[in-house]
Trainee: 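Right, I'll just put the structure down here and ask away after.
Chain naming here is simple, since letters A, B, ... match the order of the sequence lines and numbering starts at 1 in each.
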Protein chains: 2
Amino acid sequence: MTDHRPLTRNQALVLETLTACEEPLSAYAILDRLRGEGFRAPLQVYRALDKLLQTGLVHRLDSLKAFVACAHPHEHGGEATVAFAICENCARVWEFSDSTIEDRFEAWAKAENFLTRATTIEISGLCAACREAGAPGEPGQPGERGA
Amino acid sequence: MTDHRPLTRNQALVLETLTACEEPLSAYAILDRLRGEGFRAPLQVYRALDKLLQTGLVHRLDSLKAFVACAHPHEHGGEATVAFAICENCARVWEFSDSTIEDRFEAWAKAENFLTRATTIEISGLCAACREAGAPGEPGQPGERGA
DNA sequence: AACTCCGATGTTATATCATTACACTAATTG
DNA sequence: CAATTAGTGTAATGATATAACATCGGAGTT
Ligand SMILES: [Zn+2]
Ligand SMILES: [Zn+2]
Ligand SMILES: [Zn+2]
Ligand SMILES: [Zn+2]
């Protein structure tokens, strides 16, 4: 199923950009950072992202409309359900999974005869560092997304 | 916190539109359905939605970029974490909550000292009816979203 | 009534996110 | 070689969401 051919130049550049960045980046923010490498159009980014999403090297955060490199020690091929905690202040992301949570979702699906294909879990809030440093709105370090 | 003043005309119209529809609707789909009532611009819809989202009468499904009326028997004011199961074939949505799941998220947050503000859970797949009727991709009844 | 405040409204323009369409290149394979 | 497949470059377009500004109307005061 997982195709795993080596990454192309565009795919590698997009992945490097995301890996080098602590925060999620929008597709257009990635584009801007890769103009020096010859990127000119959104599609070049979106197409690379499509592939990286398929292979699990990158995740899309629906609540931010942005993308992050997978930073989780787990193997994503195993299709484990992953949750993302996103700090609204510094924009950092934590990936974690919990087998009990997975079990409960499976139980619900079984009871309802629902065939699960994908599960999206995103938690927004304040990370430990930002709780101490600043306040729930006061930017400690704003952590600008985008350009 | 919850303001609960009576709904304005625009808010009521948007809510009625969503309630009358079995599927989630995009803001622009709502706009199209309300042109007969005098709606002309996206902002009229988005502003009404903002209020309805605040009061919990409507939910936004990030994975669909669409909105649904709250159909859950629960009281949303209680801030219970709700999960949405979305059929990719017929677009119908099921809302449910599970205290064990909530407990596990709380446990993670406590361990990480993360202050949770909102939790988004969306499960995509095939509902029981569509599993029997059709196939995992073959449209039994496509269930067109949007216009 | 006149004044003020505040939430809602109407309208135009703009920003942001994502895809369609088409022509082309490179590697693979029979 | 021809056929297939994935990837690429470019322009145009579509879909989703917000900014900015003027106005309106009710509630509470004076
Ligand atoms: Zn991951
Ligand atoms: Zn933080
Ligand atoms: Zn609800
Ligand atoms: Zn269905």
Side-chain angles (χ1 to χ4, degrees), chain A residues 1-18 23-55 57-68 91 120 122 144-147, chain B residues 1-18 23-55 57-68 91 120 122 144-147:
Chain A
M1 170 180 187
T2 36
D3 197 351
H4 277 222
R5 45 179 67 189
L7 296 182
T8 65
R9 169 178 154 85
N10 284 3
Q11 291 159 11
L13 285 169
V14 168
L15 180 57
E16 284 167 20
T17 302
L18 286 175
E23 317 165 6
L25 293 175
S26 74
Y28 280 72
I30 296 169
L31 173 59
D32 286 340
R33 292 177 186 224
L34 288 176
R35 289 199 189 275
E37 301 292 341
F39 276 50
R40 294 172 173 270
L43 252 200
Q44 295 175 284
V45 176
Y46 281 111
R47 287 202 275 227
L49 285 172
D50 282 345
K51 193 57 186 286
L52 295 167
L53 289 168
Q54 280 169 30
T55 56
L57 293 172
V58 163
H59 301 294
R60 180 178 197 274
L61 300 176
D62 285 338
S63 61
L64 295 182
K65 298 166 190 165
F67 304 84
V68 282
T120 298
E122 295 177 26
E144 19 221 299
R145 265 193 59 224
Chain B
M1 166 176 189
T2 38
D3 196 352
H4 277 223
R5 45 180 66 191
L7 297 182
T8 65
R9 169 179 154 84
N10 284 4
Q11 290 159 13
L13 285 170
V14 168
L15 180 56
E16 284 167 21
T17 302
L18 287 174
E23 316 165 6
L25 292 176
S26 74
Y28 280 74
I30 295 169
L31 173 58
D32 285 339
R33 293 177 187 223
L34 288 176
R35 290 199 187 275
E37 303 290 340
F39 275 51
R40 294 171 174 272
L43 254 199
Q44 296 175 282
V45 175
Y46 281 111
R47 288 202 274 228
L49 285 172
D50 282 346
K51 194 57 186 287
L52 295 168
L53 290 167
Q54 280 169 29
T55 57
L57 292 171
V58 162
H59 302 294
R60 179 175 196 275
L61 299 176
D62 285 338
S63 60
L64 295 182
K65 298 166 191 165
F67 304 84
V68 281
T120 297
E122 296 177 26
E144 17 221 301
R145 265 193 59 226

Trainee: CD1 of B:I30 versus C1' of D:dA15: gap in Å, rounded?
Mentor: 14 Å
Trainee: C:dG10 P sits how many Å from B:L34 CG, rounded?
Mentor: 12 Å
Trainee: Dump the intermediate steps for side-chain contact (heavy atoms from CB on, under 4.5 Å) on B:L57 and B:L18, then the final yes or no.
Mentor: CA-CA 10 Å; B:L57 292 171; B:L18 287 174; over 6 Å; no
Trainee: Can you name the atoms? Protein N/O to nucleotides 7-13 of chain D N/O, anything below 3.5 Å, with the distance.
Mentor:
from	atom 1	to	atom 2	distance (Å)
D:dG7	OP1	A:K51	NZ	2.8
D:dT8	OP1	A:T8	OG1	2.9
D:dG9	OP2	A:N10	ND2	3.1
D:dG9	OP2	A:Q44	NE2	2.6
D:dG9	N7	A:R47	NH2	2.4
D:dG9	O6	A:R47	NH1	3.1
D:dG9	O6	A:R47	NH2	3.2

Trainee: For the pair made of CG in B:L52 and C1' in C:dA8, what is the distance, rounded to whole Å?
Mentor: 13 Å
Trainee: Looking only at heavy atoms, which two atoms of A:P24 and A:A66 are closest? And how far apart?
Mentor: CB-CB, 3.7 Å
Trainee: Do any N or O atoms from the side chain of A:E122 and from the backbone of A:S63 form a donor-acceptor pair under 3.5 angstrom?
Mentor: yes
Trainee: For the side chain to side chain contact (heavy atoms under 4.5 Å, CB included) test, which of A:L25, A:V14, A:T17, A:V45 pairs with A:L31?
Mentor: A:V45
Trainee: Measure CG/A:D62 against C1'/D:dT16 and give the value in whole Å, please.
Mentor: 14 Å
Trainee: Rounded to whole Å, please give me the gap between CG in A:L64 and C1' in D:dT16.
Mentor: 16 Å
Trainee: Sequence neighbours excluded, which residues qualify as salt bridge (Lys or Arg N to Asp or Glu O under 4.0 Å) partners of B:R60?
Mentor: B:D62
Trainee: Rounded to the nearest angstrom, tell me the gap between atom OH in B:Y46 and atom P in C:dG10.
Mentor: 17 Å
Trainee: Do A:L13 and A:E16 come close enough that some side-chain heavy atom pair is under 4.5 Å?
Mentor: yes
Trainee: In whole angstrom, what separates B:K65's NZ from D:dT18's P?
Mentor: 13 Å
